[in-house]
Engineer: 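Let me begin by handing over the structure; questions about it come next.
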Amino acid sequence: MKKLINSPENVVREELEGVALAHPDLVRVHFDPNYVVRADAPVMGKVGVISGGGSGHEPMHGGFVGFGMLDAACPGAVFTSPTPDQMLEATKAVNGGKGVLHIVKNYTGDIMNFEMAAELAMAEGIQVESVITDDDVAVQDSLYTAGRRGVGSTVLAEKVCGAAAQEGRSLKEVADVCRKVKAWGRSMGMALTSCTVPHVGKPTFDLPEDEMEIGIGIHGEPGRTRMKIKSADEITEMLMEPIIKDLPYKAGDEVLLFVNSMGGTPPIELYIVYRKAHEIATKHGLKVVRNLIGPYITSLEMAGTSITLLKMDADLLKLWDAPVKTPGLRWGM
Amino acid sequence: MKKLINSPENVVREELEGVALAHPDLVRVHFDPNYVVRADAPVMGKVGVISGGGSGHEPMHGGFVGFGMLDAACPGAVFTSPTPDQMLEATKAVNGGKGVLHIVKNYTGDIMNFEMAAELAMAEGIQVESVITDDDVAVQDSLYTAGRRGVGSTVLAEKVCGAAAQEGRSLKEVADVCRKVKAWGRSMGMALTSCTVPHVGKPTFDLPEDEMEIGIGIHGEPGRTRMKIKSADEITEMLMEPIIKDLPYKAGDEVLLFVNSMGGTPPIELYIVYRKAHEIATKHGLKVVRNLIGPYITSLEMAGTSITLLKMDADLLKLWDAPVKTPGLRWGM
Amino acid sequence: MSISRDDTLNWIKSCAAVLAENRDYLTQLDAAIGDADHGANMDRGFKAVMAKMPEMADKDIGTIFKTVGMTLLSTVGGAGGPLYGTFFLQAGMKSAGKMELSLEDWTIALEAALAGVVMRGKAELGDKTMVDALMPALNALKQSLQDHQPLGDALRASAQAAREGMIATVPLVARKGRASYLGERSAGHQDPGATSSYLILNAAAETWKNT
Amino acid sequence: MSISRDDTLNWIKSCAAVLAENRDYLTQLDAAIGDADHGANMDRGFKAVMAKMPEMADKDIGTIFKTVGMTLLSTVGGAGGPLYGTFFLQAGMKSAGKMELSLEDWTIALEAALAGVVMRGKAELGDKTMVDALMPALNALKQSLQDHQPLGDALRASAQAAREGMIATVPLVARKGRASYLGERSAGHQDPGATSSYLILNAAAETWKNT
Ligand SMILES: Nc1ncnc2c1ncn2[C@@H]1O[C@H](COP(=O)(O)OP(=O)(O)O)[C@@H](O)[C@H]1O
Ligand SMILES: Nc1ncnc2c1ncn2[C@@H]1O[C@H](COP(=O)(O)OP(=O)(O)O)[C@@H](O)[C@H]1O
Ligand SMILES: [Mg+2]
Ligand SMILES: [Mg+2]
Ligand SMILES: [Mg+2]
Ligand SMILES: [Mg+2]
């Protein structure tokens, strides 16, 4: 296992210590239970926005805590949803009196843990709304299953909800923004290599030198299909077509195009993918009005990419462009 | 070779096409000769700042073109310095009448190509100053060799020189800022895995599953020594100690600490390294007043990290904090 | 013919041992159709439970179960955390104040535990989850109770039923949890949660076989 | 006993062929002590030169060399680009207006070419660079000229000297170029630039052996 770590047990703790040392102006890190919280939390009179999930997806979520985005993030063990006590403490820490939004990715573990935390927080008199992101079109959707995974659009939801909260909107209004992202965001990812979970010590799956996984999850879950590696253009098509087929959009709609690195894929390749994704979106009559390109929701050191499309309206554009100052995303200040 | 590319010959061109599609508000991309230039170039009455080098190090340099940083960047083939015609055209394109600074990394190829471009530009009546960055302490320095490689501090030089130019300083003043970074910046890197140059198709070097290279260059050049993999803390020490030994600093000095990903190392590991690097700097009496953590000067998909320390004074701090708006680095606007 | 406080604590210890022992096995199962953490999660949780042993030493069985549940809840995470947390919390509610459990008490506790898991996770039999091990185990227990079987036999029958339920998950297509994202590709693999449930119930049968 | 315009063009073509053929070999050499691009760089440059063949067809030798130099300069990049670009530009200056080259002309051209390389790169003999192939080749040529050897023999001797110079780079510790960053670790490897220089001079000896 080739990693810059000390011991598998200490990965999350030491990463959080690094975050605390690196960004004291933006965030505070609380240990036992673990959560990352805005340095100036709670912001009174503002809706709190929190999220959380397994570690290994950095900068999501801890790197998105700060002005104009998350108020707190709860990191679990690597690829393991955090526990209710973390979310409960974080919820209390960011409660500025206007309630708290929980942005939850659609995984059974995340949902159940957040649900228990929300029940406990509400029992303590804090208003909580939860919105579940489930944008991964690689997963066959069905009433009888757990539905789709929450992936790339979670990052976008955190940005626009954070901006809406910063603007002073009510809990319902902020949650409505999140529901809009849930309705309008679609993603799909692929892997060129497996990741290695530190405490496992070997790759989650074996992928021969000439094969790739299409429809991969962000935890190294196997994808839709395994096949011979293809060109970047062909791969981009394989990701874009299911997204666009699934999109509730029509020609002429404006979109944000997010090309993400799974962790091990460098910028030079992302721009080659972006080029084709932009071309395909345009061919379908979509107008790419914003973009995000880089490692924002990673899967440890996995090589690969995911693409997210989010339909934008005037309000989402305004919220996207609003100032943000976090370790992982920053503009306007 | 596991890469998101179409064909090795088209990697640079298609990446640049992606950049052009992604950031038309910030940059224009010129083809044949290839260079990335600020959308509003030339900015009259402002010193132009340009840099360039082989591709494969993204976001450096093309991703640092924009307000408050570079006016233009010249990308060569992967890991191959660009040619004089690129720098000459870029120099002309950004010349706002106050002269142009060439920031050149210390590689024989880069130096000779930039030198020829500078000669040609000066023959056309454009004032050019060149400053060579050579911060890699892994390389034994000597009057009789090519000296040290230019690595991480180049990114920092581009930021502060861009800010100085944006402020309206003269060519000599902007070059002086660059010379300060040259004098005060030190770096060292290591690799857990080799990178694969696209047209070569196989890893530049073979690194067994339990070994690493210390003192690696950003082109997959072999490093100082190869050894068994150690813990993140031990590795960080092996990078920090030679830097600090070499530093012209004393206890009490303020520094910027830059922990860089070589491309394949994800944020979670960088923060573990940052944690220890911060601790070591502090132990030596250095005050870490700014930092940068992420993939800023990469070596394709190589896994590994490099650390750069730059001593800061009031002027460098002011220039570092000044607004910047580029695809790869952005704050304050 | 009943389970004492000490028996209860011994069961918890034996769960911790058996989960530590099967950590890699459970992780391997989870790697195939999930995210390769079930073994580490359960092991981390029960190690935390072991650290609570001193404070549980003189408590009633209900408090013991509740402590186990709360500890799992705040240390396991993932799907396993809330499910096994709820499992022990619910068992604890039914055993509140008890210093020993009869077969009937244990059946009632397990019934509540399973109901808690189903309430939390909304899985049905055949969804390829821990419910596929727990439900047959509970049914076997109920049958033994009705047939007035001795406690040891009843527990063995219940563990055996859990084992069969666990093995029966192999051909299933998952409809709940992370494995469901795989669709058809989840078939042919044994469910990690059903496996840990079997291990836990089997530890009960083993620990309590002479009570 | 002289080199015509056509001979010159044939040499350039044969350089392109031999560098294409040795692309992987040069890259491999560069991977060991550099950055694995010398083969690709030279091949890209000479392919671009080949595209200029039509426009060079009716030009004098000086113009041909200058065109080759300018093309290499704007397509090779790295250290090789300015060095080989300067090499041909300088050779071109000395051959300006010439329609054929005697052994003496060629010696003068090569002397200027090498001087250009040294002026640009500031390498000395023994620094483990292309100079280690070029300088012995020039010296052999001068010797042959002094000894009134026929052109073909002189070229062969010069290529042979380049080859020996190339091989002599193996044990050297590099003091210039990218390989110098390796320090002692650069010893034991043949310099890629010295190798391409040998290939180019050997192509001259081969192409012009019957002139
Ligand atoms: N909705 C559910 N109801 C019951 N059990 C479930 C449910 N979802 C998942 N499980 C069980 O949880 C196990 C996985 O647990 P674990 O790996 O700890 O969590 P995660 O899937 O979050 O990584 C599955 O094997 C399955 O038995
Ligand atoms: N200063 C120099 N003078 C002469 N030749 C040099 C010098 N520096 C490097 N070289 C030659 O250039 C060769 C490398 O060329 P190439 O790989 O194309 O460039 P780069 O080193 O920039 O990747 C070396 O093998 C060496 O022969
Ligand atoms: Mg998990
Ligand atoms: Mg090179
Ligand atoms: Mg799991
Ligand atoms: Mg080279």
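Excluded from the calculations below are hydrogen atoms, water molecules and symmetry mates; all remaining heavy atoms, backbone and side chain alike, are included. Here is how names work: the chains are called A, B, and so on, in the same order as the sequence lines, proteins then strands, and each is numbered from 1.
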Engineer: Only pairs of heavy atoms separated by less than 4.5 Å count here; which of Gln86(A), Glu9(A), Glu213(A) has the most with chain C?
Structural biologist: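 Heavy-atom pairs under 4.5 Å are most numerous for Glu213(A).
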
Engineer: Mind checking which of residues 181-201 of chain C sit less than 4.5 Å from chain A, heavy atom to heavy atom?
Structural biologist: Tyr181(C), Leu182(C), Arg185(C)

Engineer: Could you tell me whether a side-chain N or O of Arg148(A) sits under 3.5 Å from a main-chain N or O of Asn106(A), the two making a donor and an acceptor?
Structural biologist: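 No; zero donor-acceptor contacts below 3.5 Å.
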
Engineer: Tell me whether the count of non-hydrogen atoms from other residues, nucleotides or ligands lying under 6.0 Å of CZ in Arg120(C) goes above 12.
Structural biologist: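 Atom CZ in Arg120(C) is crowded, with more than 12 foreign heavy atoms closer than 6.0 Å.
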
Engineer: Using atom types as modelled and distance alone, determine if a side-chain donor or acceptor of Trp208(C) lies under 3.5 Å from a backbone N or O of Asp7(C).
Structural biologist: yes

Engineer: Looking only at heavy atoms and a cut-off of under 4.5 Å, which of Asp85(A), Thr80(A), Val139(A) has the most pairs with chain C?
Structural biologist: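 The residue among Asp85(A), Thr80(A), Val139(A) with the greatest pair count is Thr80(A).
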
Engineer: Chain A heavy atoms under 4.5 Å from Asn41(C): which part of the residue, side chain, backbone, both or neither?
Structural biologist: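 For Asn41(C), side-chain heavy atoms alone lie under 4.5 Å from chain A.
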
Engineer: Can a donor-acceptor pair be found, under 3.5 Å and without considering hydrogens, that links the side chain of Ser180(C) to the backbone of Ala174(C)?
Structural biologist: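 Here the side-chain-to-backbone pair does not exist.
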
Engineer: What do you reckon, is CD of Glu124(C) surrounded by more than 12 foreign heavy atoms closer than 6.0 Å?
Structural biologist: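 Not buried by this count: 12 neighbours or fewer within 6.0 Å.
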
Engineer: List for me each residue that meets salt bridge (charged side-chain N to carboxylate O under 4.0 Å, His left out) alongside Lys230(A), sequence neighbours excluded, and say none if there are none.
Structural biologist: none

Engineer: Treating Asp132(C) as the side-chain partner and Thr169(C) as the backbone partner, does any N or O pair qualify as donor plus acceptor under 3.5 Å?
Structural biologist: no

Engineer: Residue by residue, which of residues 91-116 of chain C have a heavy atom closer than 4.5 Å to a heavy atom belonging to chain A?
Structural biologist: none

Engineer: Regarding His219(A) and Arg149(A), do their side chains bring together a donor and an acceptor under 3.5 Å, going by distance alone?
Structural biologist: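 Checked: His219(A)/Arg149(A) side chains show no N/O donor-acceptor pair below 3.5 Å.
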
Engineer: Do the side chain of Asn260(A) and the main chain of Tyr296(A) share a donor and acceptor less than 3.5 angstrom apart?
Structural biologist: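 Yes, because the side chain of Asn260(A) sits within donor-acceptor range (under 3.5 Å) of the backbone of Tyr296(A).
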
Engineer: Would you mind telling me which of Gly215(A), Ala138(A), Gly217(A), Pro84(A) has the largest number of heavy-atom pairs within less than 4.5 Å of chain C?
Structural biologist: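 Among Gly215(A), Ala138(A), Gly217(A), Pro84(A), the one with the most close pairs to chain C is Pro84(A).
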
Engineer: For Tyr107(A), which atoms come within 4.5 Å of any heavy atom of chain C: side chain, backbone, both, or neither?
Structural biologist: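 Both the backbone and the side chain of Tyr107(A) come within 4.5 Å of chain C.
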
Engineer: Let's test your reading of the structure: which of Ile111(A), Val78(A), Asn113(A) forms the most heavy-atom pairs below 4.5 Å with chain C?
Structural biologist: Asn113(A)

Engineer: Hydrogens and angles aside, do Lys105(A) and His57(A) bring a side-chain donor and acceptor to less than 3.5 Å of each other?
Structural biologist: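 Absent: no donor and acceptor within the cut-off.
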
Engineer: Test your reading of the model: is there a side-chain donor-acceptor pair from Asn139(C) to the backbone of Ala137(C), 3.5 Å cut-off?
Structural biologist: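 Not at all, since once roles are kept as given, no pair shorter than 3.5 Å links the two residues.
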
Engineer: With a 4.5 angstrom heavy-atom cut-off, which part of Ala32(C) approaches chain A: side chain, backbone, both or neither?
Structural biologist: backbone

Engineer: Who among Asp24(C), Thr86(C), Asp30(C), Leu83(C) has the most heavy-atom pairs with chain A under 4.5 Å?
Structural biologist: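 That would be Leu83(C).
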
Engineer: Check whether the side chains of Thr133(A) and Thr154(A) place a donor and an acceptor atom closer than 3.5 Å, and report yes or no.
Structural biologist: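 A pair is found: one side chain offers a donor N or O, the other an acceptor, under 3.5 Å apart.
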
Engineer: Please step through salt bridge (charged side-chain N to carboxylate O under 4.0 Å, His left out) for the pair Asp37(C) and Arg178(C), ending with a clear verdict.
Structural biologist: CA-CA 12 Å; Asp37(C) 63 355; Arg178(C) 192 178 297 283; 5.4 Å; no

Engineer: Give a yes or no on whether a salt bridge exists between Lys13(C) and Asp6(C), defined as a side-chain N under 4.0 angstrom from a carboxylate O.
Structural biologist: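 The answer is no: the pair does not qualify as a salt bridge.
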
Engineer: What I want to check is whether the side chains of His61(A) and Glu158(A) have a donor and an acceptor closer together than 3.5 Å.
Structural biologist: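 A pair is found: one side chain offers a donor N or O, the other an acceptor, under 3.5 Å apart.
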
Engineer: Residue by residue, scan residues 63-82 of chain C and write down, ordered by number, those that have a heavy-atom distance under 4.5 Å to chain A; if none do, write 'none'.
Structural biologist: Leu73(C), Ser74(C), Thr75(C), Val76(C), Gly77(C), Gly78(C), Ala79(C), Pro82(C)

Engineer: For Thr207(C) and Asn10(C), test the side chains for any donor-to-acceptor distance below 3.5 angstrom and give the result as yes or no.
Structural biologist: no

Engineer: Considering all heavy atoms of both residues, which atom of Arg226(A) and which atom of Asp206(A) are nearest to each other, and what is their separation?
Structural biologist: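 Nearest heavy atoms, Arg226(A) then Asp206(A): NH1-O, 2.8 Å.
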
